[in-house]
Amino acid sequence: MWNNAQVFIREGDTVTITCGVYGEDEPDIVWYKGVDQKITDNLVTFNRITISPDNFKLTITNAELSDTAPYFCIASNSVGNDELPISTLLWVVSDVRFSLTMTDKSVVREDHFELVCEVTSNPPVQMEWYADGQKLITQR
């Protein structure tokens, strides 16, 4: 029943997701983040997540990595309930950020040494090390 749409936005951007339901009677709409996290006043933090007065639109401002999730709505009226057959899978992507500052190291030739590089990004990056233009084989 799920027909997923994927939306990619950058960290800090704003996105609006629309619940595309209709019916003879005005439906009551409830939004969910993930399968079971109902979006209520408790989840609306620092006014970053808002729902339009008619409940048809959910807006996330200043998107954070933790906002990455599927979002969907359930509409109900006097006839019954319906899960929206189109959910939105929201991906919040970020630039690569180095967690540690790299510094010059001096080592004795043929001694073992370790270089550490910590980065955060979404989606995760694949790290490669090079020395004198040659790719190094690394161990984890």
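All residue numbers refer to positions in the sequence shown, counting from 1.
Contact annotation: the side chain of Trp31 never approaches that of Lys38 to less than 4.5 Å [non-hydrogen atoms, C-beta and beyond]. Counting heavy atoms from C-beta on, the side chains of Glu11 and Leu65 come closer than 4.5 Å. Within the 4.5 Å cutoff, no side-chain heavy atoms of Cys73 are placed close to those of Tyr32. Contact check for Thr59 versus Val15: no side-chain heavy atoms found under the 4.5 Å cut-off. Looking only at side-chain heavy atoms (C-beta outward), Phe56 and Ile29 come within less than 4.5 Å of each other. Side-chain contact between Ile60 and Tyr71: present, with at least one pair of heavy atoms (C-beta onward) separated by less than 4.5 Å. The shortest distance between side-chain heavy atoms of Phe72 and Thr88 does not fall below 4.5 Å. For the pair Ile49/Lys33, no side-chain contact is recorded, criterion being any heavy-atom separation below 4.5 Å from C-beta on.
Residues satisfying the salt bridge (Lys or Arg N to Asp or Glu O under 4.0 Å) test with Asp54, not counting sequence neighbours, are none.
To the nearest 0.5 angstrom, Thr61 atom OG1 is 6.5 Å from Arg48 atom CZ. Here the CG-CD1 distance, from Leu89 to Ile17, works out to 9.5 Å after rounding to the nearest 0.5 Å. We find the CG-CG distance between Asp67 and Asp13 to be 11.5 Å, quoted to the nearest 0.5 Å.
Looking only at distances, no side-chain donor or acceptor of Arg10 sits under 3.5 Å from a matching main-chain atom of Val93. Checking side-chain atoms of Ser52 against main-chain N and O of Lys57 turns up a donor-acceptor pair under 3.5 Å.
Shown here for Gly34 and Ala69, the closest heavy-atom pair between the two residues is N-CB, 4.5 Å. Of all heavy-atom pairs spanning Trp91 and Gln6, the tightest one is NE1-OE1, 2.8 Å.
Residue Asp111 places its CG atom among more than 12 non-hydrogen atoms of other residues, nucleotides or ligands, all under 6.0 Å distant.
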Requested in this report: Verify side-chain contact (heavy atoms from CB on, under 4.5 Å) between Asn62 and Thr14, making sure each step is shown before the conclusion.
Outcome: CA-CA 6 Å; Asn62 196 21; Thr14 296; over 6 Å; no
